[in-house]
There are 2 protein chains.
Amino acid sequence: MPAKRHPDHAPLELERFLPYQLSIVSNTVSQAIADDYQARHDLSVTEWRVMAVLARFDGLSAREVAERTAMDKVAVSRALARLVAAGRVRRHIHASDKRRSVLGLTAAGWRIHDEVAPMARQRERDLLARLEPEEQAWLRGILDKLMPPDTAGQTAAKG
Amino acid sequence: MPAKRHPDHAPLELERFLPYQLSIVSNTVSQAIADDYQARHDLSVTEWRVMAVLARFDGLSAREVAERTAMDKVAVSRALARLVAAGRVRRHIHASDKRRSVLGLTAAGWRIHDEVAPMARQRERDLLARLEPEEQAWLRGILDKLMPPDTAGQTAAKG
DNA sequence: CATTTATAGTTTCACTTGAAACCATTTGCA
DNA sequence: TGCAAATGGTTTCAAGTGAAACTATAAATG
């Protein structure tokens with residue numbers, strides 16, 4: 001019985017399936033931002049995220065960076081190795097705990113940050129520009145709700 | 001003047017930066033779905049996506065699968081090799097174009113599909129359950145708008 | 001109809017990635 | 001104190017990935 005269609009199987013309509021849509025939209029916009037800096041500064045997505053976090057929270061340890069970027073610690077370790085080698089991040093050892101590193105952007109790191117951050121913001125605006133103001137507001141609220149609690153707005157690192 | 005903070009640098013607030021939030025939310029939910037089938041069926045994310053597309057559009061070629069999943073053709077080729085070897089996908093050669101393959105799920109493929117698809121739908125419901133009905137409706141509309149046109153709802157494959 | 005050009009799909013190669021193992025240091029606790 | 005367990009971070013290894021090269025077939029062009 002060579003049935004051509006299988007309506008009884010209820011296949012997913014991928015293009016209206018939320019996790020799929022999220023993945024496509026997210027990848028598209030992240031890639032657009034990455035294109036802005038990748039070639040230009042020889043900077044990977046991972047490295048940029050580390051820099052963005054250090055721009056906001058000076059003096060974090062590698063583990064804290066991993067926590068805030070939701071990346072695994074191996075990825076962070078490697079990104080840091082490259083960033084330190086390139087002179088974009090400064091790393092020294094914590095005064096009272098010799099295992100921990102204390103991280104921050106160097107002047108060169110800040111220069112790159114100050115060039116890339118506005119481009120990233122522009123991409124965010126481009127994305128929002130495709131929505132009505134009302135939709136923009138809803139999207140913000142919705143994403144705030146959907147963010148897993150451990151990555152969402154914690155208090156800033158103290159100096 | 002050893003400034004401790006750099007307010008003049010206007011660092012991104014990652015946790016309120018849309019592309020970043022999208023990436024986190026998307027990865028979290030995709031991972032949750034993957035956890036449901038990965039170990040259970042020895043099935044990679046790529047493979048599952050190929051199966052989901054074939055469940056919906058029987059008889060596609062490998063290139064068409066790549067188009068619909070927004071994955072590159074190398075990834076699709078490898079996923080298909082594994083799926084065919086595992087007896088989950090049937091592949092034969094197009095009658096009038098010997099380069100093209102004609103793909104579809106086997107009975108075994110359908111069995112897996114029919115087990116995984118409801119779990120995926122459940123995860124989608126779990127995600128939506130964290131939002132008010134009003135927010136759910138807005139989110140659907142917003143994502144439909146943000147989907148790049150080439151991946152969004154095309155017409156079904158012709159027989 | 002012969003030859004160039006395009007297309008479907010696979011293979012190769014260099015690179016990335018994450019899990020597990022590892023090293024050093026610190027903390028918990030008998 | 002001294003020793004086991006936990007923690008911060010790096011290295012190793014095996015698997016996954018994409019770009020480019022490649023094979024085979026089809027379409028376009030003279």
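Per chain, numbering begins at 1; letters A, B, ... match sequence-line order.
If you check every strand for non-hydrogen atoms under 4.0 Å, R82(B) touches nothing. Among the heavy atoms of the strands lying under 4.0 Å from S61(B) are primed sugar atoms or P, OP1, OP2 only; no base atom is included. If you check every strand for non-hydrogen atoms under 4.0 Å, K73(A) touches a base. Contacts of A75(B) with the nucleic acid, taken as non-hydrogen atoms under 4.0 Å apart, involve only primed sugar atoms and P, OP1 or OP2. Across all strands, S44(B) comes closer than 4.0 Å to no nucleic acid atom at all (heavy-atom distances).
A salt bridge between R90(A) and D58(A) is present, with a side-chain N of the basic residue lying under 4.0 Å from a carboxylate O of the acidic one.
Separating the CZ atom of R78(A) from the P atom of dT16(C) is a distance of 10 Å, rounded to the nearest angstrom. Distance CG (L83(A)) to C1' (dT10(D)): 16 Å, rounded to an integer number of Å. Atom-to-atom, CZ of R91(A) to C1' of dG8(D) comes out at 12 Å; the value is rounded to the nearest Å. For the pair N27(B) CG and dG18(C) C1', the interatomic distance rounds to 14 Å; values are reported in whole Å. For the pair D35(B) CG and dA19(C) P, the interatomic distance rounds to 11 Å; values are reported in whole Å. With rounding to whole Å, I93(B) atom CD1 is found 13 Å from dT10(C) atom C1'. Spacing between atom CG of D97(B) and atom P of dA28(D) amounts to 12 Å, rounded to whole angstrom units. Distance H92(A) NE2 to dG8(D) C1': 17 Å, rounded to the nearest Å.
Comparing dG9(C), dT17(D), dT10(D) by their closest approach to the side chain of A62(B) singles out dG9(C). Nearest nucleotide to the side chain of V74(A), out of dA26(D), dT26(C), dA20(C): dA20(C). Comparing dT25(C), dA26(D), dG18(D) by their closest approach to the side chain of D72(B) singles out dG18(D). Here the side chain of R100(A) is nearest to one of dA26(D), dG9(C), dG8(D), namely dG8(D).
Residue pairs satisfying the ring pair (Phe, Tyr, Trp, His ring centres under 6.0 Å) criterion with at least one member in residues 119-142 of chain A, sequence neighbours excluded, are listed as follows: W138(A)-W138(B).
By the 4.5 Å heavy-atom criterion applied to side chains, S30(B) and V45(B) are not counted as neighbours. The shortest distance between side-chain heavy atoms of L12(A) and R121(B) falls below 4.5 Å.
In terms of position along DNA chain D, the nucleotide closest to R99(A) lies nearer the 5' end than the nucleotide closest to the other residue of the pair L80(A) and R99(A).
One finds no side-chain N or O of T46(B) lying less than 4.0 angstrom from the OP1 or OP2 phosphate oxygen of dG16(D). Phosphate proximity of dG8(D) to S101(A): absent, as no side-chain N or O sits under 4.0 Å from OP1 or OP2. Contact check, S77(A) against dT10(D): a side-chain N or O comes under 4.0 Å of OP1 or OP2.
Between H113(B) and H9(A), the two ring planes are perpendicular [angle over 60°; tilted spans 30° to 60°].
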Applying salt bridge (Lys or Arg N to Asp or Glu O under 4.0 Å) to E64(B) and R100(B), what does each step give before you reach the verdict? CA-CA 10 Å; E64(B) 290 167 327; R100(B) 299 175 57 119; 3.5 Å; yes
